[in-house]
Amino acid sequence: MKRRIAVFFLILLVSTLLFAGFDYKLELLSFTPTFEEEHADRSRSALDFQYANVYYGYPVEFYQNGLRFTLNDEGAWRVKPFFGVLHLGETLSLFRNTFSFDSPISPISFGLEVHGSLTSVMEGEIADTIGYDGVYFYGLTASVADKVALKFGYNHYCSHYGDGTYKYLEPGEKVTEGFNEWYKYLRMDSLMAGLSIKPIKYARIYTNVIFDMKSTYVMPEIFSPSWTDRGAFAEDIPDSYNHLIVALGIDLEYPIFKNLGNTRFSYQVKAYEEGKIVYKVEDLAQAGRVNPFYDPNRPWEFEHTFNLSQEINDLVSFDITWHIGRFMANMYYSTRTSYVSFGARLNFDGTVTLLDTSKW
């Protein structure tokens with residue numbers, strides 16, 4: 001009986017759509033997401049390998065709230081300033097509903113989106129892992145006329161120390177006394193909102209904002225807003241401090257080489273409100289302070305990433321990236337770096353469609 005009722009309502013739904021003057025498509029999953037991924041993000045959700053030359057800014061120390069740990073040889077990585085970066089990730093749209101009809105705002109789509117990536121950073125011989133990050137997002141997405149897209153959902157970011165890090169710690173054993181090997185750069189239970197606009201076929205601009213809730217778990221705690229459940233470790237943080245991370249980006253894409261795929265130029269600037277927290281030992285000494293504190297006169301911290309990508313075929317593309325900002329593994333959040341990387345990426349495609357009335 002229940003099956004007959006379900007079939008009846010399915011027939012009724014399809015009939016209504018057919019006579020309503022629009023087509024309906026339901027996709028189980030698609031490798032072409034409603035909200036396009038951020039190609040110039042250093043922790044992008046992709047399947048690729050990059051080989052990077054760090055020409056400025058090598059990790060030489062760690063900060064764990066008020067404690068500072070230096071490497072036993074600050075020039076160890078400078079001898080071979082190359083790092084391998086492996087991204088294991090993808091962006092998927094799930095249960096996407098698309099309505100197409102005769103209107104400038106057609107089609108209208110909405111559904112779920114998930115994306116995640118594991119980023120491993122290895123020293124030059126591609127041997128020891130010096131850091132690895134995990135990031136994922138899941139939430140709701142919607143688009144109008146294939147030109148405007150929105151997303152809103154849950155975002156998680158977490159960095160971990162790796163084997164290469166321990167190798168360079170003094171004294172010789174895995175960790176220095178007082179060093180917590182499980183200490184992380186972490187934003188758990190944050191929210192993300194994003195807006196993407198394609199004013200013309202070959203151009204896209206976008207922004208997203210990561211912001212905390214009261215229950216957001218933040219480490220290092222010096223960056224935690226005072227109104228969160230864990231409170232703030234730094235002194236004098238006002239209620240107006242929200243620990244925001246704001247990204248702005250642009251993608252320009254065009255098939256310059258007719259026998260190949262698209263050529264794409266991407267740029268992203270990312271701003272961290274954490275820049276207003278004074279925590280480095282040398283900066284604290286200059287200010288005559290001991291504990292980390294909030295300085296309203298300090299600017300936000302900015303990083304810039306430029307990416308040039310060329311599709312070779314439907315599956316493979318090659319990338320060149322120039323980055324100015326944080327190190328590629330985010331637990332070195334105190335290290336300002338610049339690097340150029342070269343690599344290749346696999347671009348998966350395909351959609352599993354459950355229902356498409358335009359083909360009936």
Side-chain angles (χ1 to χ4, degrees), residues 2-39 44-46 90-116 136-155 191-209 247-255 258 261-266 311 314-315 347-360:
K2 292 182 179 179
R3 181 178 298 178
R4 291 180 181 178
I5 294 175
V7 171
F8 170 78
F9 278 106
L10 178 61
I11 295 174
L12 180 62
L13 171 64
V14 172
S15 301
T16 302
L17 292 172
L18 288 174
F19 289 103
F22 56 81
D23 291 311
Y24 170 73
K25 180 165 62 175
L26 174 61
E27 297 163 317
L28 176 62
L29 65 88
S30 177
F31 284 93
T32 304
T34 304
F35 196 103
E36 188 177 347
E37 56 203 342
E38 301 164 15
H39 302 288
R44 66 186 185 184
S45 297
E90 190 54 83
T91 302
L92 294 173
S93 282
L94 305 176
F95 301 105
R96 182 163 58 197
N97 302 264
T98 302
F99 298 87
S100 302
F101 45 93
D102 187 15
S103 172
I105 65 172
S106 175
I108 293 178
S109 299
F110 62 89
L112 304 176
E113 181 176 302
V114 296
H115 65 72
Y136 61 82
F137 167 89
Y138 60 84
L140 302 174
T141 57
S143 71
V144 178
D146 290 332
K147 294 184 180 297
V148 178
L150 301 164
K151 70 176 177 182
F152 180 82
Y154 173 93
N155 191 76
L191 296 177
M192 175 187 284
L195 170 66
S196 173
I197 300 174
K198 295 189 72 171
I200 59 175
K201 181 178 180 181
Y202 299 109
R204 170 197 179 220
I205 55 176
Y206 66 87
T207 182
N208 65 58
V209 181
L248 297 170
I250 182 171
D251 295 330
L252 303 175
E253 193 173 62
Y254 191 79
K258 302 301 181 183
N262 285 328
T263 302
R264 183 181 60 247
F265 170 78
S266 301
E311 293 180 348
D314 291 338
L315 182 62
N347 307 297
F348 295 108
D349 194 9
T351 299
V352 178
T353 302
L354 296 179
L355 179 64
D356 188 352
T357 63
S358 66
K359 297 182 179 180
W360 293 4

Student check: side-chain heavy atoms of [X] and [Y] closer than 4.5 Å:
X      : Y      : result
Leu94  : Val114 : yes
Ile108 : Thr98  : no
Glu90  : Phe348 : yes
His39  : Arg264 : yes
Ile197 : Lys147 : no
Tyr206 : Glu38  : yes
Leu28  : Phe95  : yes
Asp251 : Glu36  : yes

To check you understand the geometry: which heavy-atom pair defines the closest contact between [X] and [Y], and what is its length?
X      : Y      : value
Lys198 : Asp146 : CD-O, 4.1 Å
Asp356 : Ser358 : OD1-OG, 2.6 Å
Thr34  : Ser143 : CG2-CB, 3.7 Å
Thr91  : Ser45  : OG1-CB, 3.7 Å
Thr207 : Phe35  : O-CZ, 4.4 Å

Taking atom [atom1] of [X] and atom [atom2] of [Y], what is their separation to the nearest 0.5 Å?
X      : Y      : atom1 : atom2 : value
Arg96  : Leu354 : CZ    : CG    : 12.0 Å
Thr357 : Phe99  : OG1   : CZ    : 9.5 Å
Ile205 : Leu248 : CD1   : CG    : 9.0 Å
Glu253 : Glu311 : CD    : CD    : 6.0 Å
Thr353 : Leu26  : OG1   : CG    : 8.5 Å
Leu112 : Leu29  : CG    : CG    : 11.5 Å

Next on the checklist: One pair to check against side-chain contact (heavy atoms from CB on, under 4.5 Å): Leu150 and Thr141. What are the steps and the verdict?
Outcome noted: CA-CA 5 Å; Leu150 301 164; Thr141 57; over 6 Å; no

Next on the checklist: Less than 6.0 angstrom from the centroid, inside 45 degrees of the normal: does Arg204 satisfy that with respect to the ring of Phe265?
Outcome noted: no

Checklist entry - Is the Lys NZ or Arg CZ of Lys151 less than 6.0 Å from the centre of Phe137's six-membered ring, within 45° of the axis? => result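 Ring-cation test returns yes.
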
Next on the checklist: Test side-chain contact (heavy atoms from CB on, under 4.5 Å) on Phe31 and Leu92; report intermediate values, then the result.
Outcome noted: CA-CA 5 Å; Phe31 284 93; Leu92 294 173; 3.6 Å; yes

Checklist entry - Do Tyr24 and Asn97 have a side chain donor and acceptor closer than 3.5 Å? => result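 A donor-acceptor contact under 3.5 Å links the two side chains.
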
Checklist entry - Would Asp23 and Ser100 count as having a side-chain donor-acceptor pair, cut-off 3.5 Å? => result no

